[in-house]
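Okay, structure first, notes after.
Naming: A, B, ... by sequence-line order, numbering from 1 per chain. All values below come from the heavy atoms of this structure, side chains included, with hydrogens, waters and symmetry mates left out. In this text, all values refer to a predicted model and were calculated from it rather than measured experimentally.
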Amino acid sequence: MGLAKRIIPCLDVDKGRVVKGIQFVDIRDAGDPVEVAKRYDLQGADEITFLDITASSDDRDTMVHVVEQVASQVFIPLTVGGGIRTVEDIKRMLIAGADKVSINTAAVNDPEFVRQAATQFGSQCIVVAIDAKRVNGDNANPRWEVFTHGGRNTTGLDVIDWAKKMAGFGAGEILLTSMDRDGMRDGFDLELTKAVCEAVNIPVIASGGVGSLEHLADGIIYGKANAVLAASIFHFGEHTVAEAKACMSKRNIEVRL
Amino acid sequence: MSKIVVLDYGSSNLRSVAKALEAVADSHQSIMISNKTEEILGADKVVFPGQGAIGQCMTHLKEQNLDEVIRECILNKPFLGICLGLQSLMDHSDEDGGVKGLGILPGNVIRFTDHQVDENGDTYKIPSMGWNQVAQEKSHPLWADIEDGSRFYFVHSYYVKPELDSDIAGSTDYIHRYTSAAARDNLFATQFHPEKSQHAGLQLLKNFLNWQV
């Protein structure tokens, strides 16, 4: 009896449409965020994260409408990331029905923004997303730095220090993505995940590298993550969220079944 | 027509609550968001959702005289508090350096203790965020068709500690056992978010809409 570990499917949304090969055989419109979110809800997803990858800010309003539509049909927590830069951006998403927003680049550019957002809206809705990359080959003393822009730009910030700082500024949760593992499908960077989870007192979502259901369980057991996020293993119809939960449950992880 | 008002003091989750109520309402139940005294007092039922920090919540309530409106509603209408809508009913909260609550339910609001360790040696994270089980401590119309021990969605760092056992309607384990739902007469209030708790949450909201006190 206790708090369940969470499984969070993540959807990339571009101009209001889900992108990156969603292949549900029995779905009418695989590009419709509402249909895809409903499908994950049915499968038992604990939350859903939308990542707005729309390049032009002119098209950002579209995301607000997506959230509004999803929130009137799917009654589990929704997180929106991508392009959250101002208090006004946060307000719009929360009013549209998002429960949390995920802040990445804007936090690096102005850490005070996180403090301000947490004070105004409460820590419970402020997720700080950290894109981490290993910066030395020394396996005995690994070090990770915070990157932005999909791993292209380094910030020089140490990931562990940054995570602690963001927790201190009022972040309610950390979404930790290994840029080394992202898309590789060979599992989370467990060392990174464990190091961050043990450094902060707030929940951590592990992300980047999931290629099998066992990887999800490893993230919880060895990485000490409170939640695991994955995209492709669910999108391509290889596995359902329900299968992921059955696998985790078999390994004695408490999940919501 | 039964009028259900979602009380608007500026909480960010009120639209989610209204949407979830709309999803389970029948054609004789109308859902409306309002901060106007006459509309709230004229409603058949009132939902009070809260989110964020309690200091700001109490300040906003007082500024708009909604604290008095809540007191009056609780005298005679089915009333559902959610999250801060539960915590603010208590006497006092430790949050924000100490805040006086509405004092409707005797008891206090306390923060989870930091750095507590579970049986696997892992630290309990604060806020408690995610799906946890609720043990039904008494039978109540709002628990109808909800299995005892069902999971609901929680996100909170503070919990309520009612003085009277008779006010406890549900309890949950995190670090230790605490009260996750309170009930007295026509009042029901939850620490969890029924509007984000899928089937079990929607069933609870439906039970509220159909509740005859």
Side-chain angles (χ1 to χ4, degrees), chain A residues 1-6 8 41-42 44-47 67-78 90-91 93-101 118-125 127 167 170 172-174 197-198 200-205 220-221 224-227 252-257, chain B residues 11-20 22-24 50-57 83-84 96 112 114-116 118-133 135 149-157 172-175 177 193-202 205:
Chain A
M1 282 269 292
L3 196 65
K5 304 297 181 188
R6 292 167 281 153
I8 309 173
D41 177 39
L42 270 175
D46 296 308
E47 296 181 19
V67 173
E68 271 173 2
Q69 284 171 36
V70 174
S72 45
Q73 295 181 56
V74 175
F75 301 101
I76 58 174
L78 307 173
I90 299 175
K91 201 184 235 172
M93 287 304 175
L94 296 180
I95 286 175
D99 298 279
K100 310 183 220 179
V101 293
T119 308
Q120 187 160 345
F121 303 104
S123 291
Q124 85 289 335
C125 66
V127 182
E173 194 171 34
I174 284 171
C197 288
E198 290 181 345
V200 296
N201 200 26
I202 56 175
V204 175
I205 306 167
I220 304 278
I221 294 171
K224 305 284 181 193
N226 305 94
N252 294 320
I253 296 170
E254 190 160 357
V255 289
R256 177 178 70 109
L257 291 170
Chain B
S11 171
S12 56
N13 66 334
L14 89 160
R15 269 162 226 271
S16 295
V17 172
K19 280 173 182 172
E22 276 160 12
V24 294
Q51 204 160 50
I54 199 164
Q56 247 180 9
C57 169
C83 194
L84 278 187
D96 294 328
F112 284 122
D114 284 298
H115 309 301
Q116 300 298 301
D118 69 13
E119 66 277 9
N120 298 322
D122 298 333
T123 306
Y124 282 102
K125 299 299 181 102
I126 299 172
S128 165
M129 192 183 286
W131 299 77
N132 209 336
Q133 290 179 291
S150 290
R151 287 187 188 274
F152 291 85
Y153 186 77
F154 288 84
V155 47
H156 63 127
S157 304
T172 294
D173 292 325
Y174 194 72
I175 304 178
R177 183 154 278 220
H193 289 271
E195 77 279 12
K196 290 290 165 180
S197 299
Q198 222 204 13
H199 306 307
L202 293 177
L205 294 178

*Would you mind checking which part of N226(A) comes under 4.5 Å of any heavy atom in chain B, side chain (CB onward), backbone (N, CA, C, O), both or neither?*
side chain
*Judged by atom type as modelled, is there a donor-acceptor pair below 3.5 Å linking the side chain of K125(B) to the main-chain atoms of I202(A)?*
yes
*asked:* Would you compute the distance between atom CG of N252(A) and atom CG of N120(B) and round it to the nearest 0.5 angstrom?
replied: 9.5 Å
*Where does R256(A) contact chain B at under 4.5 Å (heavy atoms): side chain, backbone, both or neither?*
both
*asked:* Looking at chain A, which one of D122(B), T123(B), T172(B) has the largest number of heavy-atom pairs inside 4.5 Å, strictly under?
replied: D122(B)
*Which atoms of A96(A) approach chain B - backbone, side chain, both or neither, heavy atom under 4.5 Å*: backbone
*For P203(A) and M129(B), which heavy atoms make the closest approach, and how far apart are they?*
CG-CB, 4.1 Å
*Looking at L78(A), I95(A), V74(A), which makes the most heavy-atom pairs under 4.5 Å with chain B?*
I95(A)
*Would you say I76(A) and K196(B) make side-chain contact, with heavy atoms under 4.5 Å?*
no
*asked:* So for S123(A), is it side chain, backbone, both, or neither that comes closer than 4.5 Å to the heavy atoms of chain B?
replied: neither
*Which atoms of S197(B) approach chain A - backbone, side chain, both or neither, heavy atom under 4.5 Å*: backbone
*Non-hydrogen atoms of chain B under 4.5 Å away: do they reach the side chain of V255(A), the backbone, both or neither?*
backbone
*Rounded to the nearest 0.5 Å, what separation is found between the SG atom of C83(B) and the CD atom of Q124(A)?*
7.0 Å
_With no hydrogens and no angle check, just 3.5 Å: does a side-chain donor-acceptor pair link N201(A) and D114(B)?_
yes
*Under 3.5 Å, is there a donor-acceptor pair between the side chain of W131(B) and the main chain of D46(A)?*
yes
*If you measure from CZ on F75(A) to CG on L205(B), what distance do you get to the nearest 0.5 Å?*
9.0 Å
*asked:* So for D41(A), is it side chain, backbone, both, or neither that comes closer than 4.5 Å to the heavy atoms of chain B?
replied: both
*Please look at E68(A) and chain B and tell me whether the side chain, the backbone, both or neither of the residue comes under 4.5 angstrom of a heavy atom of that chain.*
both
_Structural part of F154(B) lying under 4.5 Å from a heavy atom of chain A_ = neither
_Evaluate E47(A) against Y153(B) for side-chain contact (heavy atoms from CB on, under 4.5 Å), listing each step before the verdict._
CA-CA 10 Å; E47(A) 296 181 19; Y153(B) 186 77; 3.3 Å; yes
*Most heavy-atom pairs under 4.5 angstrom with chain A, which of E22(B), Q56(B), H199(B), H193(B)?*
Q56(B)
*Contact part of C197(A) toward chain B, heavy-atom cut-off under 4.5 Å: side chain, backbone, both or neither?*
both
*asked:* Rounded to the nearest 0.5 Å, what separates atom CG in D99(A) from atom OG in S16(B)?
replied: 5.0 Å
*Using a cut-off of under 4.5 Å for heavy-atom pairs, which of Q73(A), K224(A), K91(A) has the most such pairs with chain B?*
K224(A)
